[in-house]
Student: 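Before anything else, here's the structure in question.
Quick note: residue numbers are just sequence positions, from 1. Just so it is clear, the model here is predicted, and its values are computed rather than measured.
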Amino acid sequence: MVLPAFERIGHGGASALAPANTLASFDAAHDVGVDVVEFDVRAWHGELVLAHTVLHARRGGNVRLQDALSYLSHPRFADLGLNVDVKHMGCEQPLLDGLRDAGLLERTLISSQVTAVLDRVRSLEPRARVGISVGGRVARFSRRWNDWREQVLGGLESRRWDALMAQHRLVDRGLVEDVLDRRGMLYAWTVNERPAIERLRGLGVHGVATADPRLFA
């Protein structure tokens, strides 16, 4: 699968148009036109489900990962890449097994804010593409990032990670250049205003995630 120069990423599918992390949201993203669908995965009651937080998982009615991958392996989604955001440790092996079984591993970028998740994915499947996700100030504090830029750039340079998924307010021209210098990919999330999307595209990011893919038009 050849990646476009700029990837249009649907956050949660197209969460401004249908509930996030649902098959309906994937349909909406596909119909509007995206290059990648992003969704969240966590364990709940012994299986992997699509849910952003524990509260979402507890609410019930969540799509099982197995069902989501089966749905996305349909030929109508053949041109779409996947960005699976893993919320915690313990999901790695069943996620990789599911992606392999569905024939979707090569089309998938696995991301997480938890470095140990990505290290485990790489140890289990060296072919997997992985991206470190870095959020806002509170999220960085909770993950004990000190100098996050130095640490992330070091991980890209050593090929510990292939990509940086950065909260969009963290992205500036210097970060774009530093990531490119280390042969990494840089994606910005979650951007729900057209001028901000255009600004980031002008800076040279590899892709932007938005809840409303209509903003790419």
Side-chain angles (χ1 to χ4, degrees), residues 1-14 21-23 25-27 29-43 47-50 63-87 89-133 152 155-166 179-180 182-189 205-210 213 216:
M1 180 178 180
V2 179
L3 297 176
F6 175 82
E7 295 178 60
R8 304 165 298 168
I9 304 169
H11 181 257
N21 295 313
T22 63
L23 304 186
S25 195
F26 298 156
D27 286 336
H30 175 270
D31 292 345
V32 171
V34 297
D35 304 299
V36 177
V37 290
E38 180 270 352
F39 57 89
D40 306 305
V41 168
R42 63 172 57 249
E47 63 181 355
L48 298 189
V49 299
L50 275 56
V63 179
R64 298 188 308 158
L65 175 67
Q66 178 181 354
D67 295 333
L69 296 180
S70 176
Y71 195 71
L72 289 167
S73 66
H74 190 277
R76 70 187 291 253
F77 296 109
D79 292 333
L80 286 187
L82 310 182
N83 173 202
V84 182
D85 194 60
V86 182
K87 295 304 182 182
M89 289 285 291
C91 303
E92 302 86 359
Q93 187 68 69
L95 170 61
L96 288 167
D97 290 343
L99 289 170
R100 291 191 199 99
D101 291 346
L104 295 172
L105 180 63
E106 293 185 356
R107 287 163 49 187
T108 301
L109 174 64
I110 299 172
S111 61
S112 183
Q113 293 192 33
V114 184
T115 58
V117 165
L118 303 180
D119 291 341
R120 179 66 174 157
V121 166
R122 266 285 167 77
S123 70
L124 293 170
E125 178 49 85
R127 296 177 301 160
R129 294 186 298 129
V130 298
I132 184 67
S133 183
V152 165
L156 291 171
E157 189 158 21
S158 68
R159 310 313 297 167
R160 183 183 182 185
W161 309 307
D162 302 297
L164 165 61
M165 335 296 286
V179 170
L180 289 174
R182 289 157 178 81
R183 298 176 293 113
M185 308 286 282
L186 176 57
Y187 300 94
W189 58 265
V205 300
H206 294 92
V208 166
T210 181
F216 291 124

Student: Is there a side-chain contact between Leu164 and Tyr187 (heavy atoms, below 4.5 Å)?
Tutor: no
Student: Taking all heavy atoms of Met165 and all of Asn83, pick out the closest pair and write down the distance.
Tutor: CE-OD1, 3.6 Å
Student: Between CG of Leu109 and CZ of Arg107, what distance do you get to the nearest 0.5 Å?
Tutor: 13.5 Å
Student: Looking at OG of Ser112 and CD1 of Ile132, how far apart are the two atoms once the value is rounded to the nearest 0.5 Å?
Tutor: 6.5 Å
Student: Once rounded to the nearest 0.5 Å, what's the spacing between atom CG of Leu80 and atom CD of Glu7?
Tutor: 11.0 Å
Student: Taking side chain as C-beta onward, heavy atoms only, is Phe77 less than 4.5 Å from His30?
Tutor: yes
Student: Evaluate the criterion side chain to side chain contact (heavy atoms under 4.5 Å, CB included) for residue pair His206 and Ile9; output intermediate values, then yes/no.
Tutor: CA-CA 10 Å; His206 294 92; Ile9 304 169; over 6 Å; no
Student: Is the shortest side-chain N to carboxylate O distance from Arg122 to Asp119 below 4.0 Å?
Tutor: no
Student: Is there a donor-acceptor pair under 3.5 Å between the side chain of Asp162 and the backbone N or O of Val130?
Tutor: yes
Student: Please verify the inter-ring angle class for Phe216 with Phe6; under 30° counts as parallel, over 60° as perpendicular, anything in between as tilted.
Tutor: perpendicular
Student: Atom CD of Gln113 and atom CG of Leu118: how far apart are they, to the nearest 0.5 Å?
Tutor: 10.5 Å
Student: Report the C-alpha separation of Val208 and Trp189 in whole Å, then their side-chain angles, then the decisive distance to 0.1 Å, and conclude whether the side chain to side chain contact (heavy atoms under 4.5 Å, CB included) test is met.
Tutor: CA-CA 6 Å; Val208 166; Trp189 58 265; over 6 Å; no
Student: State, yes or no, whether a side-chain contact exists between Ile110 and Leu96 at a heavy-atom distance under 4.5 Å.
Tutor: yes
Student: Working to the nearest 0.5 Å, report the span between CG of Asp85 and CG of Leu50.
Tutor: 11.0 Å
Student: On a heavy-atom basis, which atom in Ala68 and which in Phe26 lie closest, and how many Å separate them?
Tutor: CB-CE1, 4.2 Å
Student: Checking Ser25 side chain against Gly12 main chain: does a donor-acceptor pair fall under 3.5 Å?
Tutor: yes
Student: Okay, side chain of Arg159, backbone of Leu156: is any donor-acceptor separation there less than 3.5 Å?
Tutor: yes
Student: Taking atom CZ of Arg42 as the centre, report whether more than 12 heavy atoms of other residues, nucleotides or ligands fall under 6.0 Å from it.
Tutor: yes
Student: Could you tell me which non-hydrogen atom of Pro213 sits nearest to which non-hydrogen atom of Ala14, and how far apart they are?
Tutor: CD-CB, 3.7 Å
Student: Nearest 0.5 angstrom please: Leu65 CG to Leu99 CG, how far?
Tutor: 7.0 Å
Student: What closest approach, in Å, do Met89 and Glu92 show between heavy atoms, and which atom pair accounts for it?
Tutor: SD-OE2, 3.3 Å
Student: Answer yes or no: is there a side-chain heavy-atom contact under 4.5 Å between Val86 and Val114?
Tutor: no
Student: Would you say Ser70's side chain and Asp67's backbone share a donor-acceptor pair under 3.5 angstrom?
Tutor: no
Student: Determine whether Tyr71 and Arg76 make a side-chain contact, defined as any pair of heavy atoms from C-beta on separated by less than 4.5 Å.
Tutor: yes
Student: Provide the closest heavy-atom pair for Leu105 versus Ala128 in the form atom of the first, atom of the second, distance.
Tutor: CD1-CB, 4.4 Å
Student: Closest approach of Leu82 and Val36, non-hydrogen atoms and distance?
Tutor: C-CG1, 3.9 Å
